[in-house]
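Note that the structure is a prediction, hence the values are computed from the model and not measured. Throughout, a chain's letter reflects where its sequence line sits, starting with A, and its residues are numbered from 1.
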Amino acid sequence: MAGENLTHAEFDRGLAACRPAMYRFACTLVGLDDADDVVQEASERAWKKWAQFDPGRGSLRPWLFAILADRVRRRRRRRTPPILTTLPPGILTLPDMDPTAIDLSRTVEQLPPRQRSAIVLFYYLDLPIAEIASIMDCAEGTVKSSLHDARAALARSLGGAYADQC
Amino acid sequence: MPTSVEDLLRDAGAQWRASIDAMPQRSAAAPWWRRRWVIFAATAACLAALIVPIYRSAELAPIRGQLGSGAGADCAAPQLSIAGVAPHAVPTLHPGEEITVKGYAYVSGCHEYQHDPASTPITVTIALKGRDDQRDLKTVRSIGSAGRFTTKVRVPQDFAPGPATLHAGPHWPHSTVQVTIAERGAS
């Protein structure tokens with residue numbers, strides 16, 4: 001049985017530890033208003049499917065993210081485009097951030113979907129390359145090249161000293 | 001001051017995470033009364049509390065009283081269709097359900113003088129007839145020329161689904177049987 005490697009208590013702790021990351025991920029998918037509900041639904045779903053989690057096939061966080069993304073798709077009645085191709089308006093430009101960060105976030109929002117997804121997952125959600133590759137369903141090298149291209153595009157958009165880094 | 005796009009992104013990402021994490025979030029689990037399964041379970045319990053007593057009173061309460069009788073015809077055992085007599089009073093029979101049938105059988109008319117109970121006692125067969133299935137459930141003997149009987153029959157588990165009626169047929173041609181379902185319910 002796949003779930004035998006993880007006890008009930010361990011799964012509970014793992015889920016609790018991943019909740020902040022799940023909330024951030026949910027924010028980038030559905031916005032601030034619905035993130036709480038989506039995380040709650042995904043957590044309940046995760047508890048029901050707990051026995052299906054196999055630690056040998058990867059860590060808990062990507063598994064939870066996949067469930068969360070699935071709940072988002074179900075909420076939108078399966079009419080949603082692939083993950084992170086659209087961002088909730090203004091989700092990267094929160095009022096508490098300083099003007100420079102807000103300007104940069106607005107520029108990030110203008111990037112092509114693949115580059116934007118890589119940037120959001122790597123810099124904003126602080127996920128490792130391997131998990132990003134899993135979420136974007138591509139090779140790690142593709143994620144790295146997307147990040148490289150995105151940084152170059154951002155440098156060109158920012159201009160000045162940053163443009164020299166291209 | 002960040003000096004590269006890489007630094008700018010890391011700084012913006014860190015600020016974004018700090019802003020998100022500072023937002024008031026619901027506790028790890030929703031209040032119990034907001035959980036969907038609680039609402040669903042409460043609704044189901046309320047519906048069950050309303051429906052089950054009505055269902056039980058309609059389906060499992062004993063059917064008492066005379067439901068009908070059949071009279072024998074020449075060389076043909078009559079068959080009493082309880083549902084045919086009082087269709088509105090006979091609910092659906094369930095597989096596995098045990099039914100207590102009480103009845104009274106007697107030889108009718110002038111034939112009673114010809115009837116020799118020692119050689120040809122009345123026997124009554126309780127049968128279940130459905131649209132696609134028919135089973136003899138039990139044959140009651142030792143009634144003599146006239147007598148009351150009480151017997152229990154069980155609806156077969158593999159009886160074809162669909163409407164079915166309970167029949168009581170005396171084997172002696174010129175006899176009459178009256179039956180009553182005294183008690184029913186899954187046992």
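- Residues satisfying the salt bridge (charged side-chain N to carboxylate O under 4.0 Å, His left out) test with E41(A), not counting sequence neighbours, are R75(A), R36(B).
- The neighbour count for K152(B) NZ, taken as heavy atoms of other residues, nucleotides or ligands under 6.0 Å away, does not exceed 12.
- A 4.5 Å side-chain heavy-atom check between D11(B) and T100(A) finds every atom pair outside the cut-off.
- Inter-residue side-chain proximity for V108(A) and L9(B) is flagged as met; some heavy-atom pair is nearer than 4.5 Å.
- Scanning all heavy atoms of the two residues, the minimum distance from A12(B) to M97(A) falls at O-CE, 3.7 Å.
- Using a 4.5 Å heavy-atom threshold, the side chains of L8(B) and L158(A) count as touching.
- In this structure, chain B has no heavy atom under 4.5 Å from any part of I102(A).
- Contact annotation for V39(A): neither backbone nor side-chain heavy atoms come within less than 4.5 Å of a heavy atom of chain B.
- The backbone N or O of Y124(A) lies less than 3.5 Å from a partner atom in the side chain of R17(B), making a donor-acceptor pair.
- K144(A) pairs by the side-chain contact (heavy atoms from CB on, under 4.5 Å) definition with I129(A), not counting sequence neighbours.
- Without hydrogens or angle criteria, Q15(B) side chain to A101(A) main chain gives no donor-acceptor distance under 3.5 Å.
- There is no contact between L147(A) and chain B, counting heavy-atom distances below 4.5 Å.
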| request: Verify side chain to side chain contact (heavy atoms under 4.5 Å, CB included) between R10(B) and F122(A), making sure each step is shown before the conclusion. | output: CA-CA 9 Å; R10(B) 289 194 184 282; F122(A) 187 71; 3.9 Å; yes
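- Contact count against chain B (heavy-atom pairs under 4.5 Å) is highest for D98(A) among L15(A), T93(A), I91(A), D98(A).
- Rounding to the nearest 0.5 Å gives a distance of 10.0 Å between CG of L32(A) and OG of S19(B).
- The closest side-chain heavy-atom distance from L125(A) to W16(B) is below 4.5 Å.
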